[in-house]
*Asks:* 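Handing you a structure now.
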Amino acid sequence: MKNILFITDEEIHPTSGGIERVVDILSRALTATNRYKCYAAYINEYSKIQNTTEFVEKIKLTENNEINDLSAFIERNNIDIILNNQIKSKNVKHIALILRTVADKHAIKIYYVYHTRPSFELIPTSYNILFNRLVFNNKITSLKDILSQITVSVLGKSWANKLIRNKYQPAYLYSDKVILLSEKYIPIYAELVKAKSFEKFIAIPNALTFNYYIQTEELNKKQKHVLIVARLDEKSKRITFALKIWKIIEKTGQYQDWKLIIVGTGEDEVFYKKIATKLKLKQVQFVGKQNSEPYYRDASIYMMTSSFEGFPMTIGESMQMGLVPIAFNSFEAIYDLIEHNKNGIIVPNNNILLYADYLMSIMKDQNLRNNMANCAIDSCKKFKMESVIKHWVELFETSN
């Protein structure tokens with residue numbers, strides 16, 4: 001039996017989203033094989049959350065004693081493999097060399113697991129959106145606030161070079177393998193770090209979340225709901241696009257029996273509600289942070305307008321639950337999940353009018369929805385946990 005140590009920025013708990021949720025699911029699946037024991041080390045602690053994920057043992061890393069803390073923890077627990085899941089650049093830069101030093105001392109393999117699209121930081125954000133976001137959220141206190149929000153768009157390549165030094169390159173140099181969510185991300189990451197070959201890279205997708213699939217006979221029981229499940233953050237999720245698309249739909253007056261339901265919370269929740277009010281939207285519901293499963297079960301269409309994603313778990317969840325997903329081609333891995341016009345819809349990035357047209361074509365045709373939903377249910381099964389976990393086991397058992 002091998003012992004695996006997960007390194008993360010945040011303490012892991014199952015009710016969170018993103019990286020923490022992926023690590024929770026993966027650690028449980030690895031433990032269930034009876035071949036691995038899972039341990040955790042993290043920097044930030046959730047002091048107010050009781051249901052943190054169970055590991056054999058956990059350690060909170062202190063700022064001044066990471067080497068001694070990690071070394072003692074690793075030696076005491078006979079760690080064989082480190083999965084570094086950090087994404088915050090300051091942590092990656094600081095921890096990567098420490099991990100390498102400790103791992104070399106104990107002959108341990110380090111795998112850096114990158115949970116989103118490489119170079120997502122360079123995706124431009126509209127100045128108007130950034131300014132309005134600050135105004136609506138009452139966060140403008142000085143010109144410095146505005147400038148800090150548009151730095152990404154203004155400094156593009158200069159900032160990219162800094163990112164390569166501070167995050168991508170240390171993780172690449174000091175890890176035995178870099179694990180990405182799609183093969184399509186390998187050349188992107190390789191270019192960032194100027195890798196001479198792809199030998200150090202491997203692609204393993206996220207697994208499906210639910211352990212069941214909705215049945216075909218249940219599709220006719222679905223409601224006329226279009227669903228968004230997301231962290232309410234404009235930089236990545238672009239819910240403003242969804243609201244503008246929905247405005248086009250409401251303006252036709254033909255879909256008054258449909259609702260757009262938005263599940264989730266985040267720093268831009270107030271901003272989005274004010275945008276919805278400004279657009280005079282009548283068929284939009286913000287329901288806050290909820291168990292998403294009942295909403296998937298009721299809804300017919302899943303809507304994603306993100307500016308970038310890694311390998312979105314919500315798309316897989318929606319397909320399991322018989323929703324037809326529609327998304328922009330704003331990230332390469334969308335083509336791993338959706339085959340256009342078969343199990344979902346892929347829209348050229350930023351084309352709001354075309355997105356609205358596609359959405360309305362699905363909304364008005366139940367037979368089309370059901371056919372695509374059945375295809376979605378079948379096609380997503382290749383990402384079931386039993387299949388994905390085999391890739392991890394193969395990596396752990398064959399790497400030299």
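Here, residue 1 is the first one in the sequence, and each next residue gets the next number. Any value given below was found using the heavy atoms of this structure, including those in side chains, with hydrogens, waters and symmetry copies removed.
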*Asks:* Could you tell me which residues satisfy side-chain contact (heavy atoms from CB on, under 4.5 Å) with A40, sequence neighbours excluded, listed by chain and number?
*Replies:* F55, K58
*Asks:* Between N84 and I82 (side chain of the first, backbone of the second, donor and acceptor by atom type, cut-off under 3.5 Å), is there such a pair?
*Replies:* no
*Asks:* Would you check if the side chain of T101 reaches a backbone N or O of L97 as a donor-acceptor pair within less than 3.5 Å?
*Replies:* yes
*Asks:* Quick check against the 3.5 Å criterion: does D365 have a side-chain atom that pairs as donor or acceptor with the backbone of S361?
*Replies:* no
*Asks:* With heavy-atom distances below 4.5 Å as the criterion, would you say the side chains of W246 and L279 are in contact?
*Replies:* no
*Asks:* Please find out if less than 6.0 Å separates the ring center of Y112 from that of Y172.
*Replies:* no
*Asks:* Mind checking what makes side-chain contact (heavy atoms from CB on, under 4.5 Å) contact with E386, not counting sequence neighbours?
*Replies:* K384
*Asks:* Does S119 reach the side chain of E191, with side-chain heavy atoms less than 4.5 Å apart?
*Replies:* no
*Asks:* Is a donor on one side and an acceptor on the other found under 3.5 Å between the side chain of N343 and the backbone of L337?
*Replies:* yes
*Asks:* Can a cation-pi geometry be assigned to K184 and Y335, taking NZ or CZ under 6.0 Å from the six-membered ring centre and within 45° of the ring axis?
*Replies:* no
*Asks:* Quick one: which residue pairs count as a salt bridge (Lys or Arg N to Asp or Glu O under 4.0 Å) with a foot in residues 350-363, not counting sequence neighbours?
*Replies:* none
*Asks:* Give the table of side-chain donor-acceptor pairs shorter than 3.5 Å for residues 31-38, with sequence neighbours excluded, one pair per line with atom names and distance.
*Replies:*
residue	atom	partner	partner atom	Å
T31	OG1	S27	O	2.8
T33	OG1	L30	O	2.6
T33	OG1	R35	N	3.2
Y36	OH	E397	OE2	2.8

*Asks:* Would you please name every residue forming a side-chain hydrogen bond (donor to acceptor under 3.5 Å, both in side chains) with S306, sequence neighbours left out?
*Replies:* E309
*Asks:* List the residues meeting side-chain hydrogen bond (donor to acceptor under 3.5 Å, both in side chains) with Q285, not counting sequence neighbours, and say none if there are none.
*Replies:* none
*Asks:* Between R28 and D24, does the salt bridge (Lys or Arg N to Asp or Glu O under 4.0 Å) criterion hold? Intermediate values first, please.
*Replies:* CA-CA 6 Å; R28 292 174 187 271; D24 172 76; 2.8 Å; yes
*Asks:* Going by atom types only, do R21 and N206 share a side-chain donor-acceptor pair under 3.5 Å?
*Replies:* no
*Asks:* Taking side-chain hydrogen bond (donor to acceptor under 3.5 Å, both in side chains) as the definition, give me every residue that meets it alongside T305, ordered by chain and number, with sequence neighbours left out.
*Replies:* none
*Asks:* Thinking salt bridges, do K390 and E394 make one under a 4.0 Å N-O criterion?
*Replies:* no
*Asks:* Taking atom NZ of K60 as the centre, does the number of heavy atoms from other residues, nucleotides or ligands within less than 6.0 Å exceed 12?
*Replies:* yes
*Asks:* State, yes or no, whether a side-chain contact exists between L260 and Y255 at a heavy-atom distance under 4.5 Å.
*Replies:* no
*Asks:* Should F331 and Y185 count as side-chain neighbours, where that means a heavy-atom distance under 4.5 Å?
*Replies:* yes
*Asks:* Suppose the criterion is salt bridge (Lys or Arg N to Asp or Glu O under 4.0 Å): which pairs have a residue in residues 196-221, not counting sequence neighbours?
*Replies:* E218-R297
*Asks:* How about E54: does its CD atom have over 12 heavy atoms from other parts shown lying under 6.0 Å from it?
*Replies:* no
*Asks:* With the side chain counted from C-beta on, respond yes when Y111 and W392 share a heavy-atom pair under 4.5 Å apart, and no when they do not.
*Replies:* no
*Asks:* For N374, give me all partners under side-chain contact (heavy atoms from CB on, under 4.5 Å), at least two apart in sequence or on another chain.
*Replies:* T216, L219, I377
*Asks:* Using a strict threshold of under 4.0 Å (side-chain N to carboxylate O), is an ion pair present between E234 and K237?
*Replies:* no
*Asks:* Could I get the full list of side-chain contact (heavy atoms from CB on, under 4.5 Å) partners for D298, not counting sequence neighbours?
*Replies:* Q223, H225
*Asks:* Got a donor-acceptor contact below 3.5 angstrom from the R100 side chain to the Y174 backbone?
*Replies:* yes
*Asks:* Does any non-hydrogen side-chain atom of L323 lie less than 4.5 Å from one of K222?
*Replies:* yes
*Asks:* State which residues pass side-chain hydrogen bond (donor to acceptor under 3.5 Å, both in side chains) with Y296; sequence neighbours excluded, sorted by chain then number.
*Replies:* E317
*Asks:* Do the side chains of I262 and Y272 get nearer than 4.5 Å, heavy atoms only?
*Replies:* no
*Asks:* Enumerate the ring pair (Phe, Tyr, Trp, His ring centres under 6.0 Å) contacts for residues 346-369, please, sequence neighbours excluded, ordered by first and then second residue.
*Replies:* F328-Y355, H340-Y358
*Asks:* Out of curiosity, F286 CZ to K273 NZ, how far, rounded to the nearest 0.5 Å?
*Replies:* 7.0 Å
*Asks:* Would you mind reporting whether F6 and I12 have side-chain heavy atoms less than 4.5 Å apart?
*Replies:* no
*Asks:* Salt bridge check: are R231 and D268 linked by an N-O gap of less than 4.0 Å?
*Replies:* no
*Asks:* Hey, could you give me the OH/CD1 distance between Y39 and I7, rounded to the nearest 0.5 Å?
*Replies:* 13.5 Å
*Asks:* Please check if the side chain of E339 supplies one atom and the backbone of S379 the other of a donor-acceptor pair under 3.5 Å.
*Replies:* no
*Asks:* Between Y302 (side chain only) and V229 (backbone N and O only), is there a donor and an acceptor less than 3.5 Å apart?
*Replies:* yes
*Asks:* Is the shortest side-chain N to carboxylate O distance from E250 to K282 below 4.0 Å?
*Replies:* no
